[in-house]
4 protein chains.
Amino acid sequence: MSQIEALATPSVTRPASKRQAILDAAKRAFVRDGIGAVGIDAIAIDAGVSRQTVYNQIGDKDQLFVAVVEDVTTRSSALLMATLATFPDRPGDLQADLTDFAVRLLGRCMCDIDGRALSLLLVRESHRFPELFETWHQYGPGKDWPALAACFDRLARNGYLDITDASLAARHFMALINADLPTDQGPCVRPSEEALRSTATLGVSTFLRAFGARP
Amino acid sequence: MSQIEALATPSVTRPASKRQAILDAAKRAFVRDGIGAVGIDAIAIDAGVSRQTVYNQIGDKDQLFVAVVEDVTTRSSALLMATLATFPDRPGDLQADLTDFAVRLLGRCMCDIDGRALSLLLVRESHRFPELFETWHQYGPGKDWPALAACFDRLARNGYLDITDASLAARHFMALINADLPTDQGPCVRPSEEALRSTATLGVSTFLRAFGARP
Amino acid sequence: MSQIEALATPSVTRPASKRQAILDAAKRAFVRDGIGAVGIDAIAIDAGVSRQTVYNQIGDKDQLFVAVVEDVTTRSSALLMATLATFPDRPGDLQADLTDFAVRLLGRCMCDIDGRALSLLLVRESHRFPELFETWHQYGPGKDWPALAACFDRLARNGYLDITDASLAARHFMALINADLPTDQGPCVRPSEEALRSTATLGVSTFLRAFGARP
Amino acid sequence: MSQIEALATPSVTRPASKRQAILDAAKRAFVRDGIGAVGIDAIAIDAGVSRQTVYNQIGDKDQLFVAVVEDVTTRSSALLMATLATFPDRPGDLQADLTDFAVRLLGRCMCDIDGRALSLLLVRESHRFPELFETWHQYGPGKDWPALAACFDRLARNGYLDITDASLAARHFMALINADLPTDQGPCVRPSEEALRSTATLGVSTFLRAFGARP
DNA sequence: AATGAATGAGTCTTCATTCAT
DNA sequence: CATGAATGAAGACTCATTCAT
């Protein structure tokens with residue numbers, strides 16, 4: 001929030017941000033404990049608001065879950081698209097630039113620890129939220145791999161890669177750069193920058209051994 | 001149980017198998033709904049026993065969870081080791097034999113849908129079962145990748161692969177053959193045999209592009 | 001049981017004594033934990049019989065309680081009457097003989113730890129066992145103070161005491177010799193013989209200071 | 001609460017008194033039925049609050065029991081000390097003044113019907129509340145008999161009694177004035193004022209026959 | 001007679017939700 | 001908006017009792 005905005009809302013800056021505080025607290029609680037094991041009170045306290053405010057602003061627990069999923073989906077989707085925009089279409093140093101991109105992607109995908117846990121939650125509770133589940137399937141994480149495939153397609157057309165199936169290359173790229181990340185390593189363990197770069201380097205290296213253009 | 005055994009034990013096969021029936025039902029329920037959302041009654045009904053029998057045979061919910069984890073760990077670990085024993089050390093057709101092995105591995109790893117979901121559960125509830133978590137970390141799934149690495153090391157020494165880090169090769173191999181499997185695709189979706197073979201073929205293909213020995 | 005009886009019942013000596021074993025175990029459990037907190041299983045195990053035998057021999061929990069109360073009432077009443085029969089009507093040494101009698105009485109009244117606890121139980125559950133409560137009130141412990149009063153009346157008539165109300169003397173005698181006994185001192189604490197004799201001596205001493213015949 | 005206070009606090013006297021209402025209801029229920037046979041719901045209804053309020057204000061059943069014991073201990077101890085302060089150190093009419101004091105003491109000791117029953121409960125459940133049991137043993141009822149003994153000691157020094165062991169006199173005094181009170185006479189039977197005076201008169205009479213100073 | 005299991009009831013405890021202040 | 005309380009509905013766990021073996 002800018003200073004001007006802060007000045008414009010003298011003492012009641014919250015009304016808008018309270019909703020976000022609730023959503024953040026709820027997200028944390030949901031991914032940490034699961035949807036059924038969280039108490040509304042705990043969320044309210046963590047968000048610094050009263051229980052009633054949760055009900056006033058958002059509604060009951062199911063509505064809260066829906067709101068959290070929508071919030072996270074929107075945010076992480078935008079983040080992912082923004083990251084894809086940094087794909088090196090015409091790299092100077094293919095190995096180095098692709099590794100940098102992979103590090104950026106992982107750095108975001110790890111903020112996706114939340115998104116990932118939410119996905120599992122959503123799958124688990126899919127029978128209770130069929131519409132949300134559908135929406136998420138269509139506009140959710142899967143929808144973005146085609147965008148990544150397009151990136152690799154451009155890179156191949158530019159002569160940097162030797163691939164026939166850009167979609168497959170995208171999937172294997174993702175698999176390789178994620179290979180060393182401990183996906184089940186317990187809650188809230190954000191890997192260090194070095195770990196990210198290490199696994200990205202190794203993954204890109206293998207990727208290029210398989211798909212790098214050969215003279 | 002063979003037909004002969006079935007005939008030999010007309011009506012009293014249960015006493016021993018009731019425990020197993022409970023564990024199986026509990027495993028299904030836990031991985032489907034999470035540990036907190038399952039009712040003991042539902043498990044008992046699913047297992048075809050009475051609620052009391054659950055308490056008599058195993059104990060309360062926590063003990064039930066521990067028993068399930070131990071049971072699954074033991075079984076899946078044995079299965080994995082048995083599968084690793086079929087690794088093609090001296091393959092006739094490298095691509096084909098490695099793909100067959102990958103299919104076998106995936107066929108077991110998918111029975112490991114249970115194991116995988118249990119892992120997530122265990123991570124989530126690790127603070128409530130610290131000892132179990134520790135044991136599982138030491139003797140659990142991670143301990144077997146070194147065994148796979150040893151397989152690849154043998155393969156490389158036999159001249160079939162061009163690798164310097166067998167452990168890395170093992171990790172990337174696993175990542176590639178799992179790349180197309182929808183890990184979060186909802187509960188209990190066992191991929192078809194064709195899907196398994198397809199993803200295995202693609203994964204092994206890329207793997208060999210990267211690490212196959214070149215003449 | 002005599003040897004002949006033992007021979008007559010070769011391997012099934014219990015059928016008769018099992019009932020008593022159950023009643024004893026039930027009594028212990030009831031006075032220790034209260035009627036509601038006891039499990040039939042615990043009683044059965046303590047009695048060394050199976051749960052079914054309890055139901056076969058006696059019936060459900062209420063019938064078990066009734067049987068225990070009747071058993072204890074019968075036994076302790078007989079014991080008390082037998083003890084009263086040893087009252088020193090014509091003592092050689094009034095102080096000493098009365099003290100000996102008090103010690104005997106206390107020794108029985110303390111075995112009556114059970115009886116006492118049962119009384120409290122019966123009072124507490126009186127609304128559930130109205131007939132038993134009535135019977136116990138009529139034939140129970142209260143019915144015996146008149147007998148003790150008669151003893152003191154005889155002693156007074158023989159010139160050893162200076163009392164006008166034998167019943168009052170009996171009550172005060174009981175109060176005094178019980179004064180130092182820790183009635184609430186926790187479960188199953190049987191006072192030592194010395195403690196019994198000490199409190200009896202002090203109580204009888206005060207009693208005789210008040211009611212001893214003066215020349 | 002005085003009329004003035006009642007007027008001054010029109011409708012919101014509760015917040016503080018709800019806790020007390022719960023404790024009172026719980027005390028009644030515990031001493032009536034025992035700790036295991038009482039339902040939290042019954043206590044809540046009797047206290048005029050909701051079940052949740054019990055849990056919010058105090059906690060689970062064990063904490064409720066602890067709170068009740070502490071409350072009763074504190075109150076009855078204060079009451080007893082206040083009553084002891086009215087002991088007639090220099091009585092005009094020894095028999096009459098001592099009887100009046102005994103009546104006051106009994107009137108309080110009967111509020112001790114609660115305390116007494118609680119003692120038994122505490123003894124029975126002592127293994128589950130070891131610390132509470134210890135505390136109660138140290139600061140509980142026993143600690144006050146020395147105070148009564150000091151009263152009798154003063155009375156003797158002033159020439160009204162002929163005793164050598166003030167502590168013994170105190171214990172026998174208590175035993176005698178309690179002799180006719182039906183301690184096990186069922187629940188919540190508060191003796192009439194006449195019964196109190198009668199038993200006090202008889203007890204003090206015997207006490208003075210034994211220990212009254214003789215000219 | 002003893003064992004293991006089944007059934008149904010009951011209790012404790014927590015939670016989501018709403019209402020009054 | 002926050003606080004505290006009330007309500008109703010769960011679910012875990014225990015128990016008494018009965019059956020079948």
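Note that the structure is a prediction, hence the values are computed from the model and not measured. A note on names: the letters A, B, ... follow the listed sequences, proteins ahead of strands, and every chain is numbered from 1.
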Exercise for review: Determine which pairs satisfy salt bridge (Lys or Arg N to Asp or Glu O under 4.0 Å) with at least one residue from residues 59-70 of chain D, sequence neighbours left out, and list them in order.
Suggested key: Asp62(D)-Arg128(D)
Review point. Where along residues 22-30 of chain C does a heavy atom come under 4.0 Å from DNA chain E, residue by residue in number order?
Key: none
Point to revise | Those residues that, when tested against Phe30(B), pass ring-ring contact (aromatic ring centres under 6.0 Å, His included) (two or more places apart) | key: Phe65(B)
To the nearest angstrom, how far is [X] atom [atom1] from [N] atom [atom2]?
{"X": "Ile45(D)", "N": "dT7(F)", "atom1": "CD1", "atom2": "C1'", "value": "12 Å"}
{"X": "Asn56(D)", "N": "dA16(E)", "atom1": "CG", "atom2": "P", "value": "14 Å"}
{"X": "Leu64(A)", "N": "dC15(E)", "atom1": "CG", "atom2": "C1'", "value": "15 Å"}
{"X": "Arg128(A)", "N": "dA16(E)", "atom1": "CZ", "atom2": "C1'", "value": "12 Å"}
{"X": "Lys18(A)", "N": "dC1(F)", "atom1": "NZ", "atom2": "C1'", "value": "7 Å"}
{"X": "Gln63(D)", "N": "dC12(E)", "atom1": "CD", "atom2": "P", "value": "15 Å"}
{"X": "Arg19(B)", "N": "dA5(E)", "atom1": "CZ", "atom2": "P", "value": "12 Å"}

Check your understanding: Looking only at side-chain N and O atoms, does Thr53(D) come under 4.0 Å of OP1 or OP2 in dA6(F)?
Key -> yes
On a heavy-atom basis, which atom in [X] and which in [Y] lie closest, and how many Å separate them?
{"X": "Ala25(D)", "Y": "Ile43(D)", "result": "CB-O, 3.7 Å"}
{"X": "Leu118(B)", "Y": "Val68(B)", "result": "CD1-CG1, 3.9 Å"}
{"X": "Leu122(A)", "Y": "Leu132(A)", "result": "CD1-CD2, 3.7 Å"}

Check your understanding: Taking only residues two or more places apart in sequence, or in another chain, which ones meet Ala21(B) in a side-chain contact (heavy atoms from CB on, under 4.5 Å)?
Key -> Ala47(B)
Is any side-chain heavy atom of [X] closer than 4.5 Å to a side-chain heavy atom of [Y]?
{"X": "Thr73(C)", "Y": "Thr135(C)", "result": "no"}
{"X": "Ser119(B)", "Y": "Trp136(B)", "result": "yes"}
{"X": "Ile22(B)", "Y": "Leu64(B)", "result": "yes"}
{"X": "Val69(D)", "Y": "Leu121(D)", "result": "no"}

Check your understanding: After noting the C-alpha distance and the side-chain angles of Asp71(B) and Lys27(B), does the key distance pass the salt bridge (charged side-chain N to carboxylate O under 4.0 Å, His left out) rule?
Key -> CA-CA 9 Å; Asp71(B) 186 55; Lys27(B) 182 189 64 183; over 6 Å; no
Practice item. Summarise how protein sits on nucleotides 9-14 of chain F as a single string, 5' to 3': B when a protein heavy atom is under 4.0 Å from the base, S for sugar-phosphate-only contact, - for no contact. Key: B--SBB
Study note, to complete from the structure: Among the nucleotides dA5(F), dA6(E), dT7(F), whichever has the atom closest to the side chain of Gln57(D) is dA5(F)
Point to revise | Dot-bracket notation for DNA chain F, counting Watson-Crick and G-U pairs under 3.5 Å, with | for partners on another strand | key: .||||||||||||||||||||
